[in-house]
Amino acid sequence: MQPQMSAQDQAAMMNYYYGNGQGQQAAQPGMGGMQGGYAGMQGQGGMTPAQMQMQMAMMQQMAAQGGMPSQQQQMQQYAAMQQMHQMQGQMQAAMAATQPSMSSAAPAFSPQAAAPAAAPAPAAPVQISQLVEAPVRSSQLLEVHTVGIFLEEIAYFLDDMERDLWWLLRLAHQPAGPPAIVRGVETLQALDPAKEAAIEKLRERAVLHEDAHASQVRAKIVIVPSVDKAERGVLNALKKLKFHCKGQVEVFPTMKEANNSAIWAAYFSYVASLEPQWMMKTDGPGGKSLFARCAIIVPVYVDRNKKEIKLFNVWCPDKKKRHWTFPGGDILRGSDHNLNDTCRRQFHNQVGAFFGRSWKDCFLDDLPQEAEGQAAKEAPGVCSYIQLEKDGHRYPSRPHFFMQVTEDFYESSRCYEDNSGVIKLPKPEGDFVHWDDLGSAKHVHLDGSFFAAHEEARWVKMDYETGMTTADDSRPMRKENADLLRLQPEKVWKWLANLAGLEVVVRNSTLPPDFPEDGPFAVRVSGIDKTATDEDIKTYFDERDVKVEKVEQFEVPRHTARVDFADRATLEVALQLSGHNLLRRKVKVELWADTAETSVFAPGAKALKPYDGPMPDEPPYKVIIKGLDKNVDRRDLGYFFWDRDCQVKEVDYPLKNERHAGMLEFENVESLQKAMGLNGAVFKGREITISFPTKDDNRPTPGSRSGDGGKSSGGKGSSKSGGDRGYERSSDRGGDGDRRDSRREERQPPSRAEFGTERPRMELKPRSKPMPGEPGYREEAPKSSGRPDPFGGQGVAPAGDRFKSTRADADSNWRR
């Protein structure tokens, strides 16, 4: 598609091409008008022979094509000539600096100088810079882009109503116009053939892209490559649709080959350019302005007489979560103008509607109505804390709003408590759909029925000194919430101390008591992305206002570096930056410790400590090993522990659902304890992690051979296994709950054939001796070493044949 030009730009371009003095000839197609323009330009413009030669070639090309060039050709040709004119001007300026007399002999070319005196002047003079910069930009010449379609809560609508994105797109282009509220039961009328063909082409490209990019983001985002301007207009009709669930479709530019992080970043950047109120400055170390896609409300009750602090939680019944959590969920741009609106809506849908109370009936202070109120001074009963999210592709930051509740709301909510302190939420007024009533889910979209996502709540006590929470029942609290409270954010803790009349807790130093005053002020960073440079590591700290003095990466162990800082205070802040993403991987930041052993062979390795934690009372005695080098095989893994006095019973490597990991079983608890003491040892150049296996370890990923969790269903909004890591999006079917997980049918574990045949049990043979049937082979009685074969076999290899030393193993790192 050719970019359009205004009438003024067209007149100026024609004037430039054919000369102001040849206006009548310029209106005629063919060679005559072009030659007139050529004559006009050489008349007074002082064109160089090279310019005239280029212009003649252009005119001959246009004449061969049989007439006037297209607007796009004109613009491209004009840009090329203008670049040449600028080069000539620069050359003349340089020459004038050394030979001033030459500057008057060859004046620089300009359209105004080229025109004869009798030529009529344009109605509005157009500067050359305007002609070049406005119409010739590459973004205007390149009209094809890859776009992402973010479905937000509409993904659940499509799932519940058994529709897909392309049905929705056809509904948006109905001849009579789209309905005021989309309910999912509308009958579609035939579209204009051209419109129908455009939609079908978009669908085909989206499906092909999905099939070729199985590992790319699928949750709530559909990627469509090669979308031109007309097709973008077709897709933009989705943005005008309204739903009972209050969701909104967004169409945004992205990149075809981008990874998940880049796609989400493109979405956040685009939305923030339209609605900057969603950008929030995070509190605490590493503060930066990030997109806020959710809001969390923390209702706080304070008893100043008893010095007690209680926090209100709701029970998330989803079988994949099942924990106590603070009310909150995703923003809905179809109804929320800012985060304060999100807080009010989320609290009403998760708490207020059950008690028949408004926001003002529950809290001492209200939140501002306008977006600019976010930056204003907060009321005494409000404390906002914007947490920098560690895992944050989808949720870069998590805003928490600590709100002091009224005495009346606290007492009335406790009227519904049982003996264990659990509040059985009363039924909301009017029609509603219960979270597990799958047959009635469509009523949320058909008539706007209320979606009741919770049925239990409770007040939990929080110890101000430690941040620990306690409750009478044994059900867990959401891990992210518990971690935040244990961090004791300074801003929040000062606010709580003021409410409860407590002394502000003095934060203990993260450094050990015997840390030397003169340092070294250094940290050890592990888990670094293999593509990361020293500058990337420096930027990781610098962008969080932590100044780095020096960065040193190591070959042994790989993906590890030492980072030095100037003083003790900077070091303490740096230690709080563990767990954030550096490029594609989350890194671990810990205090640097020099030892005699690490400085010789592996300066980046950390000293090992004997394991003294809890041990299982009965077999099987198993550990899982992660972070293995890709060249490690089953024999290597068994011998690594066998050579370190661990009696290995069985080795399971590689695991089916996790790369670079294996599982070992030992004969006795003593060997298990020795193996756990090797956690952090360097094996074949990599630092390995050893831990007890959990119930999820070594469990095949349902329905997938490659671990990608399966593909989505062509724009229906279905997501990968596990879904988004969002906050509890389960409040009102308005963008707050990933409740599809509770309705998803249970899949049987994949058969062995899906992963290939099972590896046969290996029998250990001496590595340096000939195999049966080879020259020199003879039967020998195995040497007794007092230890069994690592794989449960009968033969025992000589010590010299068991283990091929590498640079990483030569340092005896495991002995530390």
Side-chain angles (χ1 to χ4, degrees), residues 280-290 292 294-300 302 308-313 323-328 378 382-392 395-404 460-471 476-500 502-513 515 523-525 527 540-541 543-546 565 568-582 586-591 725-728:
M280 305 293 291
K281 178 68 177 297
T282 59
D283 294 301
K288 55 199 308 189
S289 184
L290 296 172
C294 66
I296 300 118
I297 307 97
V298 187
V300 179
V302 174
E308 283 185 351
I309 300 175
K310 294 184 178 181
L311 311 176
F312 188 83
N313 285 252
H323 51 220
W324 294 108
T325 184
F326 299 134
E378 293 174 337
V382 181
C383 178
S384 64
Y385 182 80
I386 315 300
Q387 183 183 18
L388 177 64
E389 178 55 42
K390 294 183 178 181
D391 300 321
Y395 293 86
S397 65
R398 294 186 186 271
H400 292 72
F401 292 82
F402 290 79
M403 306 289 303
Q404 186 178 9
V460 298
K461 294 181 181 179
M462 189 195 74
D463 180 32
Y464 179 77
E465 298 293 330
T466 63
M468 301 292 291
T469 56
T470 56
M477 188 177 188
R478 180 184 172 102
K479 181 180 182 300
E480 290 83 354
N481 295 346
D483 290 344
L484 174 64
L485 297 178
R486 279 196 291 267
L487 287 176
Q488 300 177 314
E490 183 178 359
K491 179 181 179 182
V492 177
W493 247 241
K494 287 182 177 180
W495 179 77
L496 291 173
N498 182 59
L499 291 182
L502 297 168
E503 293 291 333
V504 178
V505 170
V506 178
R507 297 180 62 88
N508 295 325
S509 173
T510 55
L511 300 176
F515 185 80
V523 297
R524 181 177 182 272
V525 184
Y540 175 83
F541 291 95
E543 68 182 7
R544 293 167 171 85
D545 298 326
V546 179
F565 306 97
R568 183 188 182 106
T570 308
L571 175 62
E572 292 207 49
V573 177
L575 289 171
Q576 301 180 45
L577 301 180
S578 181
H580 298 290
N581 282 343
L582 169 57
K586 187 189 300 184
V587 296
K588 182 178 181 180
V589 181
E590 53 193 337
L591 186 64
R725 282 199 69 263
Y727 204 76
E728 304 303 335

Exercise. Identify the residue among Leu311, Asn481, Ile309 that makes a side chain to side chain contact (heavy atoms under 4.5 Å, CB included) with Val460.
Key: Leu311
Quiz item: Where do Phe515 and Arg568 come nearest, in terms of heavy atoms and distance?
Solution: CD2-NH1, 3.7 Å
Self-check item: Sub-4.5 Å side-chain heavy-atom contact between His400 and Arg398
Solution: yes
Quiz item: Distance-only, no hydrogens or angles: does the Lys310 side chain make a donor-acceptor pair with backbone N or O of Pro299 under 3.5 Å?
Solution: no
Quiz item: Is the closest side-chain heavy-atom distance between Phe326 and Met477 below 4.5 Å?
Solution: yes
Exercise. Verify the neighbour count for atom CD of Glu590: are there more than 12 heavy atoms of other residues, nucleotides or ligands below 6.0 Å?
Key: yes
Quiz item: Is the backbone N or O of Ile386 less than 3.5 Å from a side-chain atom of Asp283, with the two atoms forming a donor-acceptor pair by type?
Solution: yes
Self-check item: Residue pair Thr282, Gln387: steps toward the side-chain hydrogen bond (donor to acceptor under 3.5 Å, both in side chains) verdict
Solution: CA-CA 6 Å; Thr282 59; Gln387 183 183 18; over 6 Å; no
Quiz item: Please walk me through it: do Asp463 and Thr470 pass side chain to side chain contact (heavy atoms under 4.5 Å, CB included)?
Solution: CA-CA 8 Å; Asp463 180 32; Thr470 56; over 6 Å; no
Practice problem: Please identify each residue that fulfils salt bridge (Lys or Arg N to Asp or Glu O under 4.0 Å) with Asp483, with sequence neighbours left out. | Solution: Lys479, Arg486
Quiz item: Is the Phe401-Tyr385 ring centre distance short of 6.0 angstrom?
Solution: no
Quiz item: With side chains defined as the heavy atoms from C-beta onward, is the minimum distance between Lys461 and Glu308 less than 4.5 Å?
Solution: yes
Practice problem: Measure up the Trp493 and Tyr464 rings against each other and bin them: parallel (under 30°), tilted (30 to 60°), perpendicular (over 60°). | Solution: parallel
Quiz prompt | Name of the residue among Leu582, Val546, Val587 meeting side chain to side chain contact (heavy atoms under 4.5 Å, CB included) with Leu577 | solution = Val546
Quiz item: Within a radius of less than 6.0 Å around NZ of Lys588, do more than 12 heavy atoms belonging to other residues, nucleotides or ligands occur?
Solution: no
Quiz item: Looking only at heavy atoms, what is the nearest atom pair of Leu591 and Leu575, with distance?
Solution: N-CD2, 3.5 Å
Exercise. Work out which heavy atom in Asn581 is nearest to a heavy atom in Tyr540; give both atom names and the distance.
Key: O-CE1, 3.7 Å
Quiz prompt | pair Leu290-Met280: side-chain heavy atoms closer than 4.5 Å | solution = no
